[in-house]
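This report concerns only the one structure given below.
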Amino acid sequence: MFYQWDDDDLVLNIRVQPRASNDGFAEILDDRIKLRITAAPVEGKANRYLIAFLAKTFSVAKADVHIISGQSGRNKRVRIQHPARWPDIIAGPD
C-alpha cells in the first residue's frame with residue numbers, strides 16, 4: 001500500500017518524476033504512487049514544488065506537508081497533516 005493513515009495525518013510513499021509535461025498522480029508502483037511534476041530537480045526546486053502541489057491537492061497549508069525521507073532522491077515519504085480532501089485513489093481515514 002502506497003499510503004497509510006497515522007491518526008489524522010496521511011503518509012504517502014511517492015516516486016517523483018520531475019520535468020514531466022504536466023502535474024498529477026500516475027500509476028501505482030508496488031508500494032509507491034508515481035507523481036509527475038513539471039519542476040526540475042535543481043537546488044531543491046522540485047521538493048518545494050512537490051510540497052506546494054500536495055498542499056493544493058489536499059487543501060492544506062504548505063507548512064502541513066513534510067518530506068520525511070528522500071530529500072535528494074526520487075523515492076520520498078511525505079506526511080500531510082490533517083488533509084481536508086484527497087484524490088479518489090486514497091480512502092479516507094476510518
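It should be emphasised that the depicted structure is a prediction, and the values quoted were computed from it without experimental measurement.
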Determine whether Leu29 and Ile37 fall in the same hydrophobic cluster, where Ile, Leu, Val, Met, Phe, Trp and Tyr are linked whenever their side-chain heavy atoms lie under 4.5 Å apart.
no

Taking all non-hydrogen atoms of both residues into account, name the closest pair between Leu35 and Phe25 and its distance.
CD1-N, 3.7 Å

Pairs satisfying salt bridge (Lys or Arg N to Asp or Glu O under 4.0 Å), at least one member in residues 4-15, at least two apart:
Asp6-Arg79, Asp9-Arg79

Let me check something: any side-chain donor-acceptor pairs from residues 45-52 under 3.5 Å, sequence neighbours excluded? List them with distances.
unit_1, atom_1, unit_2, atom_2, d
Asn47, OD1, Lys76, NZ, 2.9
Asn47, ND2, Gln71, O, 2.7
Asn47, ND2, Gln71, OE1, 3.4
Arg48, NH1, Glu43, O, 3.2
Arg48, NH1, Gly44, O, 3.4
Tyr49, OH, Asp23, OD1, 3.4
Tyr49, OH, Asp23, OD2, 2.3
Tyr49, OH, Thr38, OG1, 3.3

One should read off an interatomic distance between Leu10 CG and Trp86 CH2, to the nearest 0.5 angstrom, of 8.5 Å

Nearest 0.5 Å, what's the CG-CD1 distance between Asn75 and Ile14?
10.0 Å

Pair Tyr3-Val11, side-chain contact (heavy atoms from CB on, under 4.5 Å): steps then yes or no:
CA-CA 6 Å; Tyr3 71 93; Val11 179; over 6 Å; no

Considering only distance and modelled atom types, tabulate donor-acceptor pairs under 3.5 Å from the side chains of residues 60-68, sequence neighbours left out.
unit_1, atom_1, unit_2, atom_2, d
His66, NE2, Ala63, O, 3.1
His66, NE2, Gln81, OE1, 3.3

Non-hydrogen side-chain atoms of Arg74 and Pro41 separated by less than 4.5 Å:
no

Do Asp31 and Met1 pass the side-chain contact (heavy atoms from CB on, under 4.5 Å) test, and can you show the C-alpha distance, the side-chain angles, and the key distance before you say yes or no?
CA-CA 5 Å; Asp31 65 340; Met1 183 60 76; over 6 Å; no

List the residues meeting side-chain hydrogen bond (donor to acceptor under 3.5 Å, both in side chains) with Arg36, not counting sequence neighbours, and say none if there are none.
Gln17

